[in-house]
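Numbers for residues simply follow the sequence, beginning at 1.
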Amino acid sequence: MRKLLLAFVLLLSVGAYAQDKTRNISLELFGAQNTIGVNYDSRFKGNDGWGYRVGIGYGYGKTDFEETKGVGCPLEINYLLGKKKSKLELGFGASIGIYNVTDLIFNSPDDSTFGYLLFGDIGYRYQPTSGFVFRIGVSPSFNFGDEYGLEKSTFYPYIGFGWAF
């Protein structure tokens, strides 16, 4: 009986904690996804301050020498600065995924391989506690220059639309 009571109290505590934070689902164009993706974002507490974002998206890129396309998963820690609905968004994360790189000079596709890029987010976010969410900004990116690092424009814009709950 004690274990059941303890489990019930813990469940109520987690439920109460979950109600004290804002979450949202959004569609993002460009940015860390490079083309298009869907994200889940949550604050650790309230509607501002520290939070995190996880997502899945499709990326495509082409240079004179190669073409890259694949599915990635951006993982980000972010901070929202502002007490009302309009906020400054600052974030840092990594997008990891499986990509196919085609050599355009020799027209030879490589096998699908693991790839990553590190990125930041600097932008504006309209974030109510519930309802329509809007994000716009730039997403600087870089890698460590190793064989798994993906190349992307240094400052890539992003725009996102979603719903907070």
Side-chain angles (χ1 to χ4, degrees), residues 21-45 47-82 85-128 131-165:
K21 63 183 178 181
T22 301
R23 300 168 299 268
N24 73 64
I25 301 282
S26 65
L27 176 69
E28 180 177 316
L29 301 173
F30 310 115
Q33 316 274 4
N34 198 33
T35 304
I36 191 167
V38 176
N39 296 304
Y40 171 82
D41 183 280
S42 179
R43 302 294 90 215
F44 290 120
K45 185 176 180 184
N47 193 35
D48 55 8
W50 290 101
Y52 64 93
R53 175 171 69 116
V54 296
I56 187 162
Y58 173 77
Y60 175 82
K62 186 175 180 180
T63 67
D64 292 339
F65 306 108
E66 65 185 23
E67 178 181 66
T68 304
K69 54 187 166 184
V71 175
C73 178
L75 308 168
E76 177 187 61
I77 294 292
N78 54 42
Y79 190 83
L80 298 182
L81 184 62
K85 296 177 184 179
S86 292
K87 305 190 184 289
L88 171 65
E89 174 181 61
L90 302 170
F92 178 77
S95 184
I96 56 176
I98 302 297
Y99 298 90
N100 189 329
V101 180
T102 303
D103 186 330
L104 296 176
I105 295 174
F106 298 107
N107 200 17
S108 60
D110 291 344
D111 290 334
S112 294
T113 185
F114 167 80
Y116 78 93
L117 62 88
L118 302 175
F119 67 90
D121 280 338
I122 304 164
Y124 167 81
R125 185 189 294 197
Y126 177 78
Q127 167 106 15
F132 178 74
V133 174
F134 174 74
R135 302 172 57 234
I136 191 165
V138 293
S139 181
S141 67
F142 61 95
N143 62 49
F144 294 115
D146 60 16
E147 65 180 297
Y148 301 110
L150 299 173
E151 298 206 14
K152 188 178 105 168
S153 299
T154 306
F155 286 95
Y156 213 66
Y158 67 85
I159 187 167
F161 308 93
W163 196 259
F165 51 95

Notebook entry, point to check: When you measure from the side chain of N34 to the backbone N and O of Y60, does any donor-acceptor pair fall under 3.5 Å?
Noted result: yes

Item checked: Parallel, tilted or perpendicular: rings of F134 and F132 (30°, 60°) -> parallel

Checklist line | Nearest non-hydrogen partners of I159 and F161, listed with the distance | finding: CD1-CZ, 3.7 Å

Check: More than 12 non-hydrogen atoms from neighbouring residues, nucleotides or ligands closer than 6.0 Å to OH on Y148, yes or no?
Finding: no

Notebook entry, point to check: Between S86 and Y124, what is the shortest heavy-atom contact and its length?
Noted result: OG-OH, 2.9 Å

Margin query: So, applying salt bridge (Lys or Arg N to Asp or Glu O under 4.0 Å) with D41, which one of K21, R23, R125, R135 is it?
Written below: R125

Notebook entry, point to check: If you look at every heavy atom in P74 and G72, which pair is closest and at what distance?
Noted result: CD-O, 3.8 Å

Check: Is the Y79 ring parallel, tilted or perpendicular to the W50 ring (thresholds 30°, 60°)?
Finding: perpendicular

Check: Atom CG in D146, atom OH in Y116: separation rounded to 0.5 Å?
Finding: 3.5 Å

Next item on the list: Please report the C-alpha distance between I98 and V71 in whole Å, then the side-chain angles of each, then the deciding distance to 0.1 Å, and finally whether the side-chain contact (heavy atoms from CB on, under 4.5 Å) criterion is met.
Entry: CA-CA 6 Å; I98 302 297; V71 175; 5.8 Å; no

Check: Would you call D64 and K62 a salt bridge, using N to O less than 4.0 angstrom?
Finding: no

Next item on the list: Run through I122, D121, L29, I136 and flag the one making a side-chain contact (heavy atoms from CB on, under 4.5 Å) with Y158.
Entry: D121

Item checked: Distance, nearest 0.5 Å, that separates CD of Q33 from CG of L27 -> 9.0 Å

Checklist line | Distance, nearest 0.5 Å, that separates CG of N143 from CG of L118 | finding: 7.5 Å

Next item on the list: Nearest 0.5 Å please: distance from the CG atom of N39 over to the CG atom of N24.
Entry: 8.5 Å

Next item on the list: Could you go through the side-chain contact (heavy atoms from CB on, under 4.5 Å) check for I77 and Y52 one step at a time?
Entry: CA-CA 4 Å; I77 294 292; Y52 64 93; 4.2 Å; yes

Margin query: On a heavy-atom basis, which atom in P128 and which in T22 lie closest, and how many Å separate them?
Written below: O-CG2, 3.7 Å

Note to self: So, taking the atom named CZ in F155 and the one named OG in S141, what distance separates them when rounded to the nearest 0.5 Å?
What the structure shows: 9.0 Å

Notebook entry, point to check: Where do W163 and V133 come nearest, in terms of heavy atoms and distance?
Noted result: C-CG2, 4.1 Å

Next item on the list: Measure the shortest side-chain to side-chain distance between T35 and K69 over non-hydrogen atoms and say whether it is less than 4.5 angstrom.
Entry: no

Item checked: Inter-residue atom distance S95.OG - L117.CG, 0.5 Å rounding -> 5.0 Å

Notebook entry, point to check: Got a salt bridge between R53 and E89, using NZ or NE/NH1/NH2 to carboxylate O under 4.0 Å?
Noted result: no

Note to self: Tell me the closest heavy-atom pair linking I96 and F114, and the distance in Å.
What the structure shows: CB-CE1, 4.0 Å

